[in-house]
Protein chains: 2
Amino acid sequence: MARIKIDKNSSRKEVIVSKAAGLFRERGFKAASMRDLAESVGVEAASLYNHIKSKTELLHEICFGVANRFMHKMDEVESSSIPAIEKVEELIRFHIDEMINHYEEVYVSDREWKHLSDPYLSNFQTQRRMYRKRFAAIIEAGIRNKEIKNIDAPTAVLILLHAIGGIESWHRSTQKINASNLTDNMITILVGGLELK
Amino acid sequence: MARIKIDKNSSRKEVIVSKAAGLFRERGFKAASMRDLAESVGVEAASLYNHIKSKTELLHEICFGVANRFMHKMDEVESSSIPAIEKVEELIRFHIDEMINHYEEVYVSDREWKHLSDPYLSNFQTQRRMYRKRFAAIIEAGIRNKEIKNIDAPTAVLILLHAIGGIESWHRSTQKINASNLTDNMITILVGGLELK
DNA sequence: ATAATATACTAACGGGTGTTAGCAAATAAT
DNA sequence: ATTATTTGCTAACACCCGTTAGTATATTAT
């Protein structure tokens, strides 16, 4: 009888969520079936329901797990007393880091949150909107302090966040430059584009 | 008997493709059903098949329509004799313009091409890879001419293209700045990030 | 007016979906 | 060793999917 293998620090549910993230990333939430997931976990589809409530719950777990990490970082950065441009850089570095090290989850959270259902959906959207507002506020502070070019802050945020999403392509490319080189290049372009010199 | 309404310059098939783009953008290719599409066109699902071969064909039409426009523009820009940094700016402007004026199609082509099936899938991927290579080559030329910072060109391309994808968020936001302001801001940040001053 | 074509309809198909019920086996607790 | 709990299995459900066959009704061409 097949059994889901676990290591000491992760429950069976966590194993399933992790495998689900990989599958949702690869095929999209709708196209990835519970039977696919079961196979990738090494068990029959029905058995998954001993550990999870529904397919959607898997998406909740993934999306809010990611969202919480970003919110946490935002709290930390916001309350630190460094120049605005450095706050921006630290946030960008965190985004890049997350995208590199928790690729599947972050990607899914970014692209598949539409398939959440209420009340989770509106909850997620609100959190996302809040995050961007706070990010924009930092940029606006930087503009007032003449650290950052006089640009539309929400537009800047939107560019930054989506640009970082581009790491997806890096992940799949065959000739990758290494992660720290990638980070440096991104910082150069993005922070360089904002900075008022 | 319901009938698909057409204006002089668009066939019934084109009406369907256009509605499909809207639906695919909104819900994703897999989640949008032919019955949904039929309703949005104002007809029964089966009737669609008098005009199209399959659901996938709709995705072909959308993806390759977009891809061809970009390839065309690349041909034009490549063969013009202006500085590299200006070529980059022109391409960026074209991307922004396309994203603003053909939102649904471009968005779908960007995010849903995974659901194409071979031989279209590999065809599309190849075209995409080619496009990026040519874009990177322009940037590399700019680096050699000291117009552009010494950065990894493929990384720069990846950032640019994804950053422009961010216009998606602009489209959906309630408080939009106007399109030409948006373009100027994006150019400032992106071209400013590349330029060697 | 008649014939030919284009378009839409109803009904149904085979197949895939998420999920549940009921039972068996493995593990943990007593 | 016995009991309780966790985990997995088979079988099946109701539902939605893309698509086709066959037929009726508009539109266009003769």
Side-chain angles (χ1 to χ4, degrees), chain A residues 1-8 10-21 23-24 26-63 108 112 114-118 120-121, chain B residues 1-24 26-63 108 112 114-118 120-121:
Chain A
M1 224 170 187
R3 208 138 200 277
I4 301 177
K5 286 173 195 165
I6 56 174
D7 54 51
K8 205 160 193 178
S10 58
S11 67
R12 289 194 165 77
K13 180 169 177 176
E14 285 166 334
V15 171
I16 294 172
V17 171
S18 167
K19 288 276 185 186
L23 225 61
F24 293 169
E26 198 181 312
R27 311 194 189 169
F29 177 75
K30 275 282 174 184
S33 78
M34 294 303 279
R35 285 166 178 89
D36 291 338
L37 176 57
E39 187 179 350
S40 118
V41 170
V43 96
E44 291 301 315
S47 308
L48 297 171
Y49 289 84
N50 285 318
H51 307 281
I52 61 162
K53 284 199 288 291
S54 65
K55 186 185 183 184
T56 321
E57 192 205 358
L58 293 169
L59 193 57
H60 302 164
E61 298 272 347
I62 295 167
C63 289
V108 169
E112 306 290 333
K114 280 185 191 179
H115 299 102
L116 287 169
S117 38
D118 270 323
Y120 298 96
L121 177 59
Chain B
M1 220 169 189
R3 205 131 202 283
I4 300 177
K5 287 173 194 164
I6 57 173
D7 53 51
K8 204 158 195 181
N9 297 335
S10 59
S11 66
R12 289 191 163 78
K13 179 168 177 178
E14 284 166 335
V15 171
I16 294 172
V17 170
S18 166
K19 289 277 185 186
L23 223 64
F24 293 169
E26 198 181 314
R27 310 194 189 171
F29 177 75
K30 276 280 175 185
S33 78
M34 294 303 280
R35 285 168 178 87
D36 292 337
L37 176 57
E39 188 180 349
S40 119
V41 170
V43 97
E44 291 300 316
S47 308
L48 297 171
Y49 289 85
N50 286 318
H51 306 280
I52 61 162
K53 283 198 290 291
S54 65
K55 187 185 183 187
T56 320
E57 193 205 359
L58 293 169
L59 193 57
H60 302 162
E61 297 270 348
I62 294 166
C63 289
V108 169
E112 306 291 332
K114 279 186 192 180
H115 299 103
L116 287 169
S117 37
D118 271 321
Y120 297 96
L121 176 59

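A note on names: the letters A, B, ... follow the listed sequences, proteins ahead of strands, and every chain is numbered from 1. Just so it is clear, the values below take in all heavy atoms, side chains as well, and ignore hydrogens, waters and symmetry mates.
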Between A:Met34 and B:Gly42, name the one whose nearest nucleotide on DNA chain C is closer to the 5' end.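 Its nucleotide being nearer the 5' end, the pick is B:Gly42.
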Think B:Lys55 forms a cation-pi with B:Phe29, using NZ or CZ under 6.0 Å from the six-ring centre and within 45 degrees of its axis?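 Satisfied, under 6.0 Å and within 45°.
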Decide yes or no on side-chain hydrogen bond (donor to acceptor under 3.5 Å, both in side chains) for A:Asn50 and A:Ser47, but give the supporting numbers first. CA-CA 6 Å; A:Asn50 285 318; A:Ser47 308; 5.2 Å; no
Distance check: side-chain N/O of [X] vs OP1/OP2 of [N], anything under 4.0 Å?
| X | N | value |
| --- | --- | --- |
| A:Ser47 | D:dT7 | no |
| B:Ser33 | D:dC17 | yes |
| B:Arg12 | C:dT7 | yes |

Specify the separation, in whole Å, of atom [atom1] of [X] and atom [atom2] of [N].
| X | N | atom1 | atom2 | result |
| --- | --- | --- | --- | --- |
| A:Lys55 | C:dT17 | NZ | P | 8 Å |
| A:Leu37 | C:dG18 | CG | P | 9 Å |
| B:Ile16 | D:dT19 | CD1 | P | 13 Å |
| A:His51 | C:dT19 | NE2 | P | 15 Å |
| A:Leu23 | C:dG18 | CG | P | 11 Å |
| B:Leu58 | D:dC17 | CG | P | 15 Å |
| A:Tyr49 | D:dC9 | OH | P | 15 Å |
| A:Glu44 | C:dG22 | CD | C1' | 16 Å |

Which nucleotide in the set C:dT7, C:dT20, C:dT19 lies at the smallest distance from any side-chain heavy atom of B:Arg3?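 That would be C:dT7.
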Considering only side-chain heavy atoms of A:Ala46, which listed nucleotide, D:dT19, D:dG8, C:dA21, is closest? C:dA21
Locate the shortest heavy-atom distance separating A:Met34 from A:Tyr49; write the atom from each residue and the value. CE-OH, 3.5 Å
What pair of heavy atoms forms the shortest contact from A:His60 to A:Leu116, and how long is it?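 Looks like CD2-CD2, 3.3 Å.
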Any donor-acceptor pair under 3.5 Å between the side chain of A:Arg35 and the base of C:dG18?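 A donor-acceptor contact between them is present.
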Can a donor-acceptor pair under 3.5 Å be found between the side-chain atoms of B:Asn50 and the base atoms of C:dA8?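 Per atom types, the contact qualifies.
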Quick one: are B:Ser18 and B:Val15 in side-chain contact, heavy atoms under 4.5 Å? no
Have a look at B:Ala32 and say if it touches a base, only the backbone sugar-phosphate, or nothing, with a 4.0 Å heavy-atom cut-off. sugar-phosphate
